[in-house]
Amino acid sequence: MTQAEIEAVLQAAFGQCETAGYSLSTEQKQIILNVMLTHLDLDWDSETASSDLDTPNPLEELTPNQRQALLEFVQEQGRQGRSWKIQLLNDWLQERESGSIQFIREQYGPQWLDRVQPRHLARYSDRVPKVLKTGDRIEVSNSLWEWVQEDGPCSQEWFPCTVTALSEAPENMPMVPQRYKGYTSCTIRFDNGMEYEIQGIYEWNRYNWRWPGAE
């Protein structure tokens, strides 16, 4: 079905709701339409897609803190195999709070949400924090255990490994920079069987690991 066909079917359904005495608000109608279009993942024709490339990125309308909260939410939903848009729209339909991104409903609404496309998120993909889970394959830099310098005897190398454990360290641990109230420790296992613990995997050591294939 095309977008126009879906909208026509939904408009007919909305009319039947009104006839039966169950009228929907404008916001509810827009949310239902967005859920349908997002769930079906409609393909726009090339002319529509081309013209849409010239539109401003909706994420630029958010404050830096709001944008970061949204990017974190998108990543977490993706990690759990869920569509972030559908999850958010379901919250709105069921009158549930949306936590750190409740501001989208209160300040921007479904019309703004409908404008956000994958390419808009991709522009800020490098600002999404990396979230690991047990079993993930990553690469770690030898700068974790060696003094790496551009002109020194040790150059930077990357080694594949598997995440075997993650744990949250308590606050105010000795030898931890004061700006970090707490931190995450990560245990990895190299392909030769050796294990290594990385403290501050998301904090002071976040630049010493990467996803496989990343440059």
Side-chain angles (χ1 to χ4, degrees), residues 38 41 49 53 57-60 62-88 98-101 104 116-215:
T38 302
D41 192 22
L53 289 175
N57 190 331
L59 272 67
E60 295 176 358
L62 305 177
T63 67
N65 288 340
Q66 289 175 337
R67 189 160 47 240
Q68 185 65 26
L70 174 61
L71 293 171
E72 291 176 4
F73 178 79
V74 170
Q75 187 194 51
E76 177 60 23
Q77 296 305 306
R79 191 173 66 84
Q80 298 182 32
R82 298 197 294 250
S83 165
W84 70 275
K85 269 194 179 183
I86 290 179
Q87 185 66 27
L88 184 56
S98 299
S100 62
I101 58 170
I104 294 180
V116 180
Q117 302 299 322
R119 67 178 180 281
H120 298 140
L121 296 167
R123 182 172 180 180
Y124 292 95
S125 61
D126 61 334
R127 305 186 192 183
V128 180
K130 303 168 184 176
V131 178
L132 292 169
K133 61 181 183 297
T134 301
D136 278 345
R137 291 285 291 177
I138 61 173
E139 296 176 349
V140 297
S141 169
N142 60 327
S143 57
L144 286 167
W145 57 82
E146 292 182 311
W147 182 253
V148 174
Q149 295 177 299
E150 291 185 5
D151 300 325
C154 296
S155 58
Q156 188 176 44
E157 297 181 71
W158 294 91
F159 298 87
C161 58
T162 302
V163 175
T164 59
L166 292 159
S167 61
E168 297 294 327
E171 298 184 6
N172 301 320
M173 289 288 288
M175 306 300 294
V176 174
Q178 293 184 354
R179 65 179 179 276
Y180 299 111
K181 293 184 178 180
Y183 64 92
T184 302
S185 291
C186 175
T187 303
I188 58 173
R189 180 181 294 122
F190 294 102
D191 293 347
N192 63 6
M194 292 185 60
E195 292 194 346
Y196 185 85
E197 183 181 45
I198 306 173
Q199 296 184 340
I201 190 75
Y202 298 137
E203 292 81 20
W204 58 90
N205 274 320
R206 61 180 174 175
Y207 298 113
N208 288 323
W209 67 275
R210 66 187 187 186
W211 300 110
E215 297 295 338

Looking at every heavy atom in both Ser143 and Gln156, which two are closest together, and how far apart are they? OG-NE2, 4.2 Å
Heavy-atom pair of closest approach, residues Asn205 and Leu144: OD1-CD2, 3.5 Å
Here the pair of heavy atoms bringing Glu197 nearest to Ser185 is OE2-CB, 3.7 Å
Distance col, row Ile104:CD1 vs Leu70:CG, nearest 0.5 angstrom, shows 4.5 Å
Any chance you could measure Arg67, atom CZ, to Glu60, atom CD, to the nearest 0.5 Å? 7.5 Å
Does the side-chain contact (heavy atoms from CB on, under 4.5 Å) test come out yes or no for Leu71 and Leu121, once each step is laid out? CA-CA 8 Å; Leu71 293 171; Leu121 296 167; 4.2 Å; yes
Enter the distance from Ser100:OG to Gln66:CD here, rounded to the nearest 0.5 Å. 10.5 Å
When every non-hydrogen atom of Ser98 is compared with those of Leu88, the smallest separation belongs to OG-CD1, 3.4 Å
Enclosure of Arg189 CZ (heavy-atom neighbours >12, cutoff 6.0 Å): no
Quick check: closest heavy atoms across Pro58 and Val116, and the distance to 0.1 Å? CB-CG2, 3.9 Å
The test is side-chain contact (heavy atoms from CB on, under 4.5 Å); show your working for Trp145 and Val140 and say whether it passes. CA-CA 10 Å; Trp145 57 82; Val140 297; 4.2 Å; yes
Are the side chain of Thr184 and the backbone N or O of Ile201 linked by a donor-acceptor pair below 3.5 Å? no
For the backbone of Ser155 and the side chain of Asn142, can you confirm whether one donor and one acceptor N or O come within less than 3.5 Å of each other? yes
Which label fits Trp84 and Phe73: parallel for a plane angle under 30°, tilted from 30 to 60°, or perpendicular past 60°? perpendicular
Audit row: Phe159, Asp191, side-chain contact (heavy atoms from CB on, under 4.5 Å) steps and yes/no: CA-CA 9 Å; Phe159 298 87; Asp191 293 347; over 6 Å; no
Assess whether side-chain contact (heavy atoms from CB on, under 4.5 Å) is satisfied between Asn208 and Ile198, documenting all intermediate values. CA-CA 9 Å; Asn208 288 323; Ile198 306 173; over 6 Å; no
